[in-house]
Number of protein chains: 2
Amino acid sequence: MKEAVTDILKHSQLSITESRLKILELFTKHNKALSHADIEKISSKNFDRVTVYRTLQTFVDKGIIHSIPTADNSVMYALCKETCTEGHHHDDHVHFICDECGNTYCLDNIDIPKVTIPKGFSTHQVNVLVNGVCKSCK
Amino acid sequence: MKEAVTDILKHSQLSITESRLKILELFTKHNKALSHADIEKISSKNFDRVTVYRTLQTFVDKGIIHSIPTADNSVMYALCKETCTEGHHHDDHVHFICDECGNTYCLDNIDIPKVTIPKGFSTHQVNVLVNGVCKSCK
DNA sequence: TAACATTTTGCAACATTGTTGCAATTGTAT
DNA sequence: ATACAATTGCAACAATGTTGCAAAATGTTA
């Protein structure tokens, strides 16, 4: 597991630091989206707030994680799949937010439906957020 | 116009105050989503920040406006259609964010596509955010 | 491994955004 | 017009996010 995390960093040409390893590990361990606050809370080591912000930003820039728009406008981040590269995200998948437990999941295997857009508009990216109740909360 | 705004407040059983009239007017005048910051900026009168927050919250509670999740996690609000009532929003429509001008529009006439959700999950609400270039920026 | 250059971290200070309690003001109904 | 209820604005605070800079950690080269 640790090796996988190290590999991701290497592959993105990032130097291997404790903060990056630990934070990236949190994402691989918890199979759900994490907020900045989550990371500060669940991490054993107490990182400086600034470090967490900068690490998350670096990961987003490198295509390691992506940010998720949520209904309550808290910033959530989740691991990208292999198709994401630096400067170009392919996170056209459905995000599911459970209203019970509050967890946010990426539903990678669900296809984004085609959205019809009025004439004269062009589409760059489509985000689909589904609120509901997840399997474990049912 | 002013009457229409007054009517909306009356219909929602809200007392008619200057702040509510002015803020609601901003929404009816500008045919796009507004952020808290927008409202403070474009309003002639300088409302207290707290008043704006509370007014927006009241409008959301009463089903007059709805909040829109955005990719950069800034909070946007837009007028609801008549189908929205207190405590129950029907804002299942597509939101379009122009990457050029930054404006956010409700595409009320575009149907929300059906999203397939894994077994064991149930759906309450679906939000669709489309990023792209709008008609006027093309 | 040691020394150096580069990057990252943590601190401090600050800016922005959002919240709460309370007194003063405004709106509504009688 | 008066009285009651609701709303507003102020002050103080809490949370969230940003920037510059010195110290520490990392990567590289010899």
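In what follows, chains are A, B, ... by sequence order, proteins preceding strands, each numbered from 1.
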Checklist line | Straight-line distance of B:T58 OG1 to B:L24 CG, nearest 0.5 Å | finding: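 Taking OG1 in B:T58 and CG in B:L24, the distance rounds to 11.5 Å.
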Notebook entry, point to check: So how far is it from B:I97 CD1 to B:D99 CG, rounded to the nearest 0.5 Å?
Noted result: 8.0 Å
Could you report the tightest heavy-atom contact between [X] and [Y], atom names first, then the distance?
X	Y	result
B:E40	B:F47	OE2-O, 3.9 Å
B:K138	A:S122	NZ-CB, 3.3 Å
B:I16	B:L21	CG2-CD1, 3.7 Å
A:S35	A:M76	CB-SD, 3.6 Å
B:P69	A:T70	CB-O, 3.1 Å
A:H66	A:L79	CE1-O, 3.4 Å

Take the protein atom [atom1] of [X] and the nucleotide atom [atom2] of [N], then report the distance between them rounded to whole Å.
X	N	atom1	atom2	value
B:M76	C:dG18	CE	P	12 Å
B:I39	C:dT17	CD1	P	13 Å
A:K10	C:dT7	NZ	C1'	17 Å
A:K62	C:dT7	NZ	C1'	12 Å
B:D48	D:dG9	CG	P	6 Å
A:D72	C:dT19	CG	P	11 Å
B:N46	D:dT8	CG	P	15 Å
B:L9	C:dT26	CG	C1'	15 Å

Checklist line | Per-nucleotide protein contact string for nucleotides 20-30 of chain D, where B marks a base within reach and S marks sugar-phosphate only (heavy atoms under 4.0 Å, - for neither) | finding: B-----SS---
Next item on the list: Would you mind classifying the nucleic acid contact of B:V52 as base, sugar-phosphate or nothing, using non-hydrogen atoms under 4.0 angstrom?
Entry: nothing
Check: Counting side-chain heavy atoms from CB outward, which of C:dG10, D:dT18, C:dG18 is closest to A:Y53?
Finding: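 Ranking C:dG10, D:dT18, C:dG18 by closest atom to the A:Y53 side chain puts D:dT18 first.
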Next item on the list: Would you please confirm or rule out a distance under 4.0 Å between OP1 or OP2 of C:dG10 and any side-chain N or O of A:K45?
Entry: yes
Margin query: Taking 4.0 Å as the cut-off, does a side-chain nitrogen or oxygen of A:T51 come that near to OP1 or OP2 on C:dT9?
Written below: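 It does not, given that no N or O in the side chain of A:T51 lies less than 4.0 Å from OP1 or OP2 of C:dT9.
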Check: Between the axis at one end of the helix from C:dT1-D:dA30 to C:dT30-D:dA1 and the axis at the other (five pairs apiece), what's the angle to 10 degrees?
Finding: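 Rounded value for the end-axis angle: 40°.
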In residues 100-121 of chain A, what donor-acceptor pairs under 3.5 Å come from side-chain atoms, sequence neighbours left out?
from, atom 1, to, atom 2, distance (Å)
A:N103, OD1, A:K32, NZ, 2.8
A:N103, ND2, A:Y105, OH, 3.1

Margin query: Distance criterion of 3.5 Å, no angle test: do you see the side chain of A:R49 paired donor-to-acceptor with the base of C:dG10?
Written below: no
